Each structure stands twice: as C-alpha cells, then as structure tokens.
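Keep in mind the model is a prediction, meaning the values are calculated, not measured. Keep in mind that the numbers below use all heavy atoms, side chains included, and drop hydrogens, waters and symmetry copies.
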Amino acid sequence: MTVLGHPRSWSCQCLPVLILLLGTGHGPGVEGVTHYKPGDPVILYVNKVGPYHNPQETYHYYQLPVCCPEKIRHKSLSLGEVLDGDRMAESLYQIRFRENVEKKILCHMQLSSAQVEQLRQAIEELYYFEFVVDDLPIRGFVGYMEESGFLPHSHKIGLWTHLDFHLEFHGDRIIFANVSVRDVKPHSLDGLRSDEFLGLTHTYSVRWSETSVERRSDRRRGDDGGFFPRTLEIHWLSIINSMVLVFLLVGFVAVILMRVLRNDLARYNLDEETSSGGSSDDFDQGDNGWKIIHTDVFRFPPYRGLLCAVLGVGAQFLALGTGIIVMALLGMFNVHRHGAINSAAILLYALTCCISGYVSSHFYRQIGGERWVWNIILTTSLFSVPFFLTWSVVNSVHWANGSTQALPATTILLLLTVWLLVGFPLTVIGGIFGKNNASPFDAPCRTKNIAREIPPQPWYKSAVIHMTVGGFLPFSAISVELYYIFATVWGREQYTLYGILFFVFAILLSVGACISIALTYFQLSGEDYRWWWRSVLSVGSTGLFIFLYSVFYYARRSNMSGAVQTVEFFGYSLLTGYVFFLMLGTISFFSSLKFIRYIYVNLKMD
C-alpha cells in the first residue's frame with residue numbers, strides 16, 4: 001500500500017534503560033487503571049492500521065487520509081509497546097466520562113482521487129484500525145467490501161464514516177470499550193473520476209453503560225463479541241498425544257537401563273573376572289559392544305570451543321524460556337497486549353547472559369580448552385550475531401515500507417546499550433566464575449593416546465537417521481500445541497493456557513532427554529564413540545522440523561501475504577528453529593553425558 005510518509009520522531013519518548021525495561025508507572029501485565037469523575041475527559045489514542053491477515057504489517061493510523069489534528073501529539077510509550085509496533089497519538093475524538101454523544105461531527109474532508117484510491121486499496125486489503133482508550137485496545141475495519149455474482153460481477157467498496165463507541169464503567173473506572181458500525185451505512189468510494197474530489201463528513205457517537213463487573217480481568221472472554229477470535233480453549237488432544245509419547249519413551253529408556261544394560265554389565269563384568277590376561281579385543285563385539293570402546297568414549301571432540309558455546313547459549317535459553325513461562329503463570333502479562341512479554345524477554349535475555357558464560361567457560365575448561373577469551377567471544381556471538389543479521393533485514397524491509405514495526409533509532413540505541421552494558425559484561429563475569437570453578441573432567445575411564453578404528457556402521461545408525469528420529473519424536477510431542485502457539489504469535493488468537501504450555505515444555509525436554517539416551521546407546525553399541533556432536537545434532541534437529549512446520553503453516557494454515565509479512569515470518573521462524581536447536585541440543589548432550597558416565601562407572605575394568 002502507498003503511504004503518505006513516515007510518522008514523526010519519537011526521540012523525546014526515550015527513557016533511561018532500567019525505567020523502560022521495568023516499566024514506568026506499572027509493571028508488566030499490571031493494568032494501569034485511571035479513576036474518573038463524571039465529565040472528565042477520556043483521551044482516545046489512534047494507534048495503527050494494517051492488513052487483517054498480516055499481524056506484523058502495521059502502519060501509523062495518520063498515514064491514511066483520515067481526520068487528523070493540525071499538530072500530532074504522540075503518547076510516551078514503553079519499550080514493549082514500541083517493539084510491538086504501537087505508535088499512539090492523540091485524536092480529534094472528544095469523549096467525557098459517562099456523557100453520551102449522538103452523531104457528533106468529527107471533521108469535514110475533501111479527498112482527491114489519489115487519496116480515495118489509497119483508501120480503496122486499504123479496504124480491499126482488509127485493513128483494520130486500532131484505537132486505545134484507557135489502555136483498552138478497540139479495533140474495527142476501515143471500510144466495507146462486497147463482491148457478489150459471477151456474471152455480472154459486482155464489486156462495491158465503502159468507507160465507514162461513522163463510528164459508535166460503546167464504553168462500560170463500574171464506579172469511577174472504565175471496564176470495557178468497543179467500537180461498532182452495526183447500524184451504519186458505508187459511504188461509497190466507487191465511480192469517482194480522476195479530476196473529482198470526494199466530500200466526506202466523519203461523525204461518531206458515544207454510549208456509556210454501567211456494568212457489575214468490577215475488574216477488567218473478570219470479564220469473560222468472548223462476551224464482547226471481540227474483533228479478534230476468542231481465547232483458545234484447552235486442547236486435550238495435544239495433552240493426551242504428548243503424555244502417551246512421553247510414557248512410551250520413558251518406558252523404553254527404562255527398559256534399556258534396567259534390562260539391557262543390566263545384562264550387558266553382568267556379562268562384561270563376568271567376562272572380566274573369568275578371563276585372565278585377555279585384551280579388550282577378546283570381548284564379544286555384537287550389538288552390545290560399548291564396553292570395547294571404553295578407552296575412547298571420553299576422547300574430547302573436535303571444535304570443542306564451538307560445542308561449549310552451543311551448550312552455554314542453550315542453557316541460557318532454557319532458563320529464559322522457563323522464566324517467561326513462570327512469569328506468565330504468575331499473571332504478570334496482560335493477555336490483551338504483548339508489550340510486557342517483549343520487555344520481559346529482553347530483560348531476562350540480558351540477565352541470563354551470565355548463565356551462557358558460566359556454562360560455556362566451565363565446560364570448556366573441563367575438557368582442556370585453553371583459548372578462554374575466544375570461547376567467551378564465540379559464546380556471546382553465537383546467537384546475537386544471527387539475530388542482529390536477521391533483524392537488520394526485517395527492520396530494513398519494514399522501514400522501506402513505512403511500517404510501524406520498524407524500530408526508531410533511539411530504541412535501537414537503547415537495545416544496543418542494554419546488550420553492551422548488561423548482556424556482554426554478564427557473559428564475561430559468568431565466564432570468569434565458570435573458568436575459576438572448573439575442576440578437571442572426571443572420566444570414569446582412561447583414554448588412550450591412539451584412537452580406535454571405528455567399524456563400518458549400518459545405514460540405520462547413520463547421523464542422518466539419528467537426526468531424523470531424534471528430531472521427529474520431540475516435534476510430534478508438541479506438534480498440536482505448536483499450531484496454537486503459531487496462531488497466537490502469527491495470528492489473531494489469544495493464548496492464556498500458560499499452565500498447559502509449561503506442561504508441554506516439560507514434556508518436550510523430557511522426550512528430548514529420553515530419545516537422546518536411546519540413540520546414544522545404539523551408537524555406542526556399534527562401537528562408534530563419536531557421540532559428543534551426534535548427541536547435540538540428533539535431538540537439536542527438532543529445530544529443523546519446527547522451521548519446516550512454519551513453512552507448512554504459512555502455506556496452508558494462514559492467509560499471510562506480501563513482502564513485509566513474509567520476510568518477518570520466515571526470518572524469525574528461522575531464528576526460532578535455531579533457538580530450539582540450541583535448547584534441545586543442550587538437553588540432549590547433558591542427558592547423554594550423564595548416561596555414559598552411569599554405564600561406565602558401573603563397569604569393572606582392568
């Protein structure tokens with residue numbers, strides 16, 4: 001869509017780092033309630049417009065030819081609201097608390113043919129607008145489009161020039177706000193010649209009613225006939241599917257640990273006691289040949305610095321994801337606005353950088369790493385660099401199209417300052433503590449200087465097969481729930497089932513750990529001791545399945561279109577898959593390491 005120009009600068013709205021992150025006035029998710037007296041002015045802010053099916057493609061409301069004050073005054077926004085694409089500005093609507101208004105004139109306009117065409121294009125693309133009254137978002141479509149018949153074909157486009165505002169109050173507080181065009185006839189935009197001007201008169205009405213609901217959160221979702229779909233309900237199919245898979249995998253791993261390993265240990269230890277002077281090559285080299293490679297299984301892998309960086313950043317995102325879900329369970333996020341979650345995610349990411357530094361440096365020192373500074377730089381860059389590159393492309397596309405999702409320069413400098421003053425120093429501090437507290441790697445078995453030759457492996461024990469199985473099973477445990485998450489992030493649903501989300505997140509980690517142990521056992525039984533990177537890649541490949549699902553969701557489950565929405569969707573979907581690779585790869589590695597320590601500690605050796 002052709003836009004009129006960029007909104008004005010918001011540099012005067014930039015607040016100090018901690019004030020913006022923690023939220024001036026009220027914390028994340030806490031409703032800022034204003035108390036009114038009868039007749040007090042209630043400010044209505046215009047916010048943004050955009051295609052209904054492209055949630056991340058939004059533009060400032062005043063970029064359309066609409067009623068606009070001579071001097072636009074923008075509202076000071078929090079960091080989360082800016083990241084969510086909000087750009088609130090004062091409007092010409094005059095609303096007073098508990099005072100009804102009937103058909104009041106907002107403004108008179110004379111639109112040129114170019115402006116009419118801009119409105120027509122917006123209506124054809126199903127543009128909706130968002131206003132904000134007392135922190136309550138109200139939404140409606142810009143206009144009306146009707147297509148009927150095949151021969152003859154009818155294509156009618158109309159603009160809503162009258163809006164009915166319905167507000168509910170309890171005492172001195174506003175509880176609910178909505179806008180309606182139910183009994184309004186749209187103004188036709190058809191049949192205008194290129195040299196003609198279209199005269200419009202915009203009007204509005206305000207109706208107040210008292211409600212017995214005392215708090216906004218007490219109002220049942222769906223009672224308002226909301227503009228967006230109702231809040232998602234509990235989906236038992238996803239829960240049952242995940243639980244069945246977890247029980248099967250846990251049972252499978254338990255069988256391995258309690259039966260197969262017990263038989264292996266008993267047989268190997270019996271052979272050790274009965275054979276005198278025999279070498280390790282005399283053992284049975286069947287399917288259970290993991291005893292034979294006890295002198296190689298703890299041989300440190302190549303690219304150990306990169307491996308430790310993956311484990312450190314993966315541990316950081318495990319803590320970050322758990323923290324976000326726990327904060328949501330505690331009711332710290334308002335379901336109507338995503339700004340609080342954005343702010344919390346940035347703050348938690350900066351604070352949890354110490355975890356990535358500690359885990360990476362601690363394990364790097366344990367396995368004999370010497371380039372400690374390089375390890376810290378690699379750790380802090382492993383996610384931040386891909387994220388910055390992806391964000392640069394996405395933000396440039398938004399900026400070129402005049403979208404409000406393009407971050408102002410002040411916000412970019414603020415985020416960079418947070419990373420430089422909080423995230424990076426905490427990574428270094430965590431790395432120092434991790435390096436100083438690291439003890440030598442405690443391997444139950446002595447490693448020989450010369451590596452053992454690895455026999456040829458059957459096709460079903462190849463890395464590709466392990467990655468396919470190890471990625472598909474955790475993905476299948478969350479596939480149903482993943483649809484609802486995508487419908488929330490990339491759609492118009494409202495997700496409030498954080499308890500279910502926490503349960504599914506725990507299931508995902510449990511399935512990843514169990515399948516990693518099983519695949520590692522099969523790999524070792526084939527006398528292949530290169531398990532270090534294999535354990536990370538096998539379950540970490542779940543991220544690839546999640547990205548492939550995002551492609552399927554875009555093509556078959558959504559109506560998204562256009563360059564702006566497409567670039568943002570695939571850019572951040574790729575980052576999401578990468579984050580899941582880091583998280584699940586970390587869980588997989590440490591589960592395999594714990595399992596390998598267990599089986600070799602209980603093995604009698606010369």
[X] [atom1] to [Y] [atom2] distance, which is reported to the nearest 0.5 Å:
X: Leu537; Y: Met467; atom1: CG; atom2: CE; value: 5.5 Å
X: Leu574; Y: Leu544; atom1: CG; atom2: CG; value: 10.0 Å
X: Ile376; Y: Ile432; atom1: CD1; atom2: CD1; value: 8.0 Å
X: Asp528; Y: Ile454; atom1: CG; atom2: CD1; value: 4.5 Å
X: Ser510; Y: Ile515; atom1: OG; atom2: CD1; value: 13.0 Å
X: Tyr578; Y: Leu382; atom1: OH; atom2: CG; value: 3.5 Å

Donor-acceptor pair, [X] side chain versus [Y] backbone, under 3.5 Å?
X: Ser403; Y: Thr58; value: yes
X: Gln523; Y: Ala463; value: no
X: Thr542; Y: Val539; value: yes
X: Asn559; Y: His53; value: no

Atom of [X], atom of [Y] and distance for their closest heavy-atom approach:
X: Ala451; Y: Tyr529; result: CB-OH, 3.4 Å
X: Leu79; Y: Ser343; result: C-OG, 4.0 Å
X: Val82; Y: Leu407; result: O-CD2, 4.0 Å
X: Ile500; Y: Glu481; result: CG2-OE1, 4.0 Å
X: Gln565; Y: Glu57; result: OE1-N, 3.4 Å
X: Asn54; Y: Met560; result: OD1-CA, 3.2 Å

| task | Evaluate side-chain contact (heavy atoms from CB on, under 4.5 Å) for Leu482 paired with Phe486, printing each intermediate quantity in order. | result | CA-CA 6 Å; Leu482 202 60; Phe486 269 68; 3.7 Å; yes

Taking atom [atom1] of [X] as the centre, does the number of heavy atoms from other residues, nucleotides or ligands within less than 6.0 Å exceed 12?
X: Arg557; atom1: CZ; answer: no
X: Tyr572; atom1: OH; answer: yes
X: Phe570; atom1: CZ; answer: yes
X: Phe502; atom1: CZ; answer: no
X: Tyr553; atom1: OH; answer: yes
X: Leu420; atom1: CG; answer: yes
X: Tyr303; atom1: OH; answer: no

| said: I want to check a possible cation-pi pair here: Arg597 against Phe441, using under 6.0 Å from ring centre and within 45° of the ring axis as the test. | reply: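 That pair qualifies as a cation-pi contact.
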
Should the pair [X] and [Y] be assigned to parallel (<30°), tilted (30 to 60°) or perpendicular (>60°) ring geometry?
X: Phe298; Y: Tyr600; answer: perpendicular
X: Phe589; Y: Trp531; answer: parallel
X: Phe383; Y: Phe387; answer: parallel
X: Phe472; Y: Phe475; answer: tilted

Would you indicate whether the side-chain heavy atoms of [Y] and [X] approach each other to under 4.5 Å?
X: Trp391; Y: Ile412; result: yes
X: Leu584; Y: Leu509; result: yes
X: Pro455; Y: Gln457; result: yes
X: His398; Y: Val564; result: yes
X: Ser439; Y: Gln366; result: yes
X: Trp419; Y: Tyr349; result: yes
X: Cys308; Y: His362; result: no
X: Thr566; Y: Tyr554; result: yes

| request: Classify the side-chain pair Ser535/Thr520 by whether it contains a donor and acceptor separated by less than 3.5 Å. | output: no

| said: Set out, in order, the CA-CA distance, both residues' side-chain angles and the distance that settles side-chain contact (heavy atoms from CB on, under 4.5 Å) for Leu320 and Ile355, then state yes or no. | reply: CA-CA 10 Å; Leu320 174 62; Ile355 297 178; over 6 Å; no

| message | Between Ile587 and Ser516, is the side-chain contact (heavy atoms from CB on, under 4.5 Å) condition met? List the steps. | response | CA-CA 9 Å; Ile587 285 291; Ser516 173; over 6 Å; no

| field | Working for side-chain contact (heavy atoms from CB on, under 4.5 Å), residues Phe317 and Phe580 | value | CA-CA 9 Å; Phe317 276 104; Phe580 272 90; over 6 Å; no

| message | Thr379 vs Ser356, test: side chain to side chain donor-acceptor pair (under 3.5 Å). Steps then yes/no. | response | CA-CA 7 Å; Thr379 301; Ser356 64; over 6 Å; no

| request: Give me the one residue out of Thr390, Val393, Asn395 that meets side chain to side chain contact (heavy atoms under 4.5 Å, CB included) with Val567. | output: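 Checked Thr390, Val393, Asn395 against Val567; only one passes side chain to side chain contact (heavy atoms under 4.5 Å, CB included): Val393.
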
